[in-house]
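Because only heavy atoms are used, hydrogens play no part in the values below, and waters and symmetry mates are left out as well, while side chains stay in. Quick note on labels: first sequence line is chain A, next is B, and so on, each numbered from 1.
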There are 2 protein chains.
Amino acid sequence: MPTTTAAQRREQARVEYDAFIKGCPTNQLLDRLSDKWVSLVVAALSGGPMRYSDLSRKIAGVSPKMLTQTLRTLERDGILTRTITPSVPVRVDYALTPLGSSLAGLLTAVKTWAETHIEEVHEARERYDTETA
Amino acid sequence: MPTTTAAQRREQARVEYDAFIKGCPTNQLLDRLSDKWVSLVVAALSGGPMRYSDLSRKIAGVSPKMLTQTLRTLERDGILTRTITPSVPVRVDYALTPLGSSLAGLLTAVKTWAETHIEEVHEARERYDTETA
DNA sequence: CCGCATCCTTAAGGATACTG
DNA sequence: CAGTATCCTTAAGGATGCGG
């Protein structure tokens, strides 16, 4: 009888795995792309700088909390800049950095792939669903 | 006094937004890529077909539930094939389809971008953190 | 060996109200 | 205008045991 259960071994593996991917650039980027608001913000800003209120209007259905949170992490990552104009009322502009623009380029590649292959995916789903039913 | 509150308008916008993205190929693909197990499975299979137990060993820390769930959706989407050999005990092989291979190609592009630019991101973070602190 | 069904936890994200 | 602070829900995902 082993002293470690399957769950314990998996837990151990998970910890090692987490430590591994923590330093993995690809996974860090996927984490960003996985955030649904990130891609929307980057896409919105790819047309040029926007103010906070513009973004909240353009990106329908986003709560102030998530918008701010998303903007902060993207600023920290050097994807966009935050410029405060201390007028009354205050004005804040967000704009993509060169790094942010290159990320937008990646999103364009994803978009292209999606548009090229989505039909195949839909066909595959229909086939799968009819065969399974 | 308006008959709709800000929350109601945002909710309305969210519903429209959801309806919009439901048919948006790019977002459907991002939903897939956002799933952390999806990229790992695709990456694992890009080296060739693997059995269920091989995958669960190679992808450290995955629970049987998530592995099966991931494999099923990918099969449904035509990304991979599932081949059952009715021996005793049963044997099941998973392999990428051509469509799956092209998705793996996209992941490679993401990987390349990440490796190229991760250093800039790290520098940006350090700058941000020291400036904020 | 492969994988489904069940239960349970927890953390992401939404609603809301208030401030500089 | 541009957020911050708080509370609260809910759904993704992990543990586990059984079945084909």
Side-chain angles (χ1 to χ4, degrees), chain A residues 4-15 17-18 31-32 34-41 49-76 80-95 132, chain B residues 4-15 17-18 21 31-41 49-76 80-95 132:
Chain A
T4 56
T5 66
Q8 283 172 331
R9 267 176 273 119
R10 198 159 57 224
E11 168 63 12
Q12 170 65 11
R14 200 187 58 74
V15 170
Y17 162 83
D18 283 349
D31 273 359
R32 281 286 168 284
S34 80
D35 188 332
K36 109 192 207 190
W37 300 120
V38 164
S39 46
L40 291 171
V41 166
M50 294 181 81
R51 301 177 58 173
Y52 183 92
S53 47
D54 291 335
L55 285 168
S56 70
R57 234 169 293 116
K58 171 127 184 179
I59 303 174
V62 69
S63 64
K65 176 185 174 182
M66 291 319 292
L67 183 54
T68 298
Q69 193 177 108
T70 304
L71 291 168
R72 281 302 182 296
T73 58
L74 290 179
E75 185 195 1
R76 185 170 111 96
L80 53 79
T81 57
R82 177 167 174 265
T83 311
I84 305 173
T85 308
S87 53
V88 179
V90 76
R91 172 199 177 110
V92 182
D93 286 274
Y94 293 92
T132 309
Chain B
T4 56
T5 66
Q8 283 173 331
R9 267 176 273 120
R10 199 162 51 225
E11 167 63 13
Q12 170 64 11
R14 202 188 55 76
V15 169
Y17 162 83
D18 283 349
I21 64 164
D31 273 359
R32 281 287 168 280
L33 293 182
S34 80
D35 188 333
K36 110 191 206 189
W37 301 120
V38 164
S39 46
L40 291 171
V41 166
M50 294 182 82
R51 300 179 58 174
Y52 183 90
S53 45
D54 291 335
L55 284 169
S56 70
R57 234 169 293 116
K58 172 129 185 178
I59 303 173
V62 68
S63 65
K65 177 185 174 181
M66 291 319 293
L67 183 54
T68 299
Q69 194 178 103
T70 303
L71 290 168
R72 279 304 179 298
T73 58
L74 290 179
E75 185 195 2
R76 185 171 111 97
L80 54 79
T81 58
R82 178 167 174 265
T83 312
I84 306 172
T85 308
S87 52
V88 179
V90 77
R91 173 199 176 110
V92 182
D93 285 274
Y94 293 92
T132 309

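Between atom CE of residue Met66(A) and atom CD of residue Gln69(A) there is a gap of 4.0 Å, rounded to the nearest 0.5 Å. Rounded to the nearest 0.5 angstrom, Ile59(A) CD1 and Asp54(A) CG are separated by 10.5 Å. Rounded to the nearest 0.5 Å, atoms CG (Leu71(B)) and OH (Tyr94(B)) are 4.5 Å apart. The CG atom of Asp93(A) sits 10.0 Å away from the CE atom of Met50(A) when rounded to the nearest 0.5 Å. Note: Leu67(B) CG to Lys58(B) NZ = 13.5 Å, rounded to the nearest 0.5 Å.
Although no hydrogens or angles enter the test, the distance criterion places a donor-acceptor pair under 3.5 Å between the side chain of Thr73(A) and the main chain of Thr70(A).
Note on Arg72(A): a side-chain N or O is less than 4.0 Å away from OP1 or OP2 of dT4(D). Remark: Ser53(B) is in phosphate contact with dC2(C), judged by side-chain N or O atoms under 4.0 Å from OP1 or OP2. The side chain of Tyr52(A) contributes no N or O atom lying less than 4.0 Å from OP1 or OP2 of dT4(D). The phosphate of dG14(C) has OP1 or OP2 within less than 4.0 Å of a side-chain N or O from Trp37(A). Between Ser63(B) and dG14(D), a side-chain N or O to OP1/OP2 separation shorter than 4.0 Å is present. Phosphate proximity of dC1(D) to Tyr94(A): absent, as no side-chain N or O sits under 4.0 Å from OP1 or OP2. Taking 4.0 angstrom as the limit, Arg51(A) places a side-chain polar atom (N or O) nearer than this to OP1 or OP2 of dA2(D).
Distance CG (Asp35(A)) to C1' (dA12(C)): 10 Å, rounded to an integer number of Å. Atom-to-atom, CG of Asp93(A) to C1' of dA2(D) comes out at 12 Å; the value is rounded to the nearest Å. Distance CD (Gln69(A)) to P (dA2(D)): 19 Å, rounded to an integer number of Å. Remark: P of dC2(C) and CZ of Arg91(B) are 9 Å apart, rounded to the nearest angstrom. Look at CG on Leu55(A): it is 9 Å from P on dA2(D), rounded to the nearest Å. Computed from coordinates, the Ile59(A) CD1 to dA2(D) P distance equals 14 Å when rounded to whole Å. Note: CE (Met66(B)) to P (dA12(D)) measures 9 Å, nearest angstrom. The interatomic distance linking Met50(A) (CE) with dC1(D) (P) rounds to 14 Å, in whole Å.
The closest side-chain heavy-atom distance from Val41(B) to Val62(B) is not below 4.5 Å.
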Polar atom pairs (N or O), protein with nucleotides 18-20 of chain D, under 3.5 Å:
none

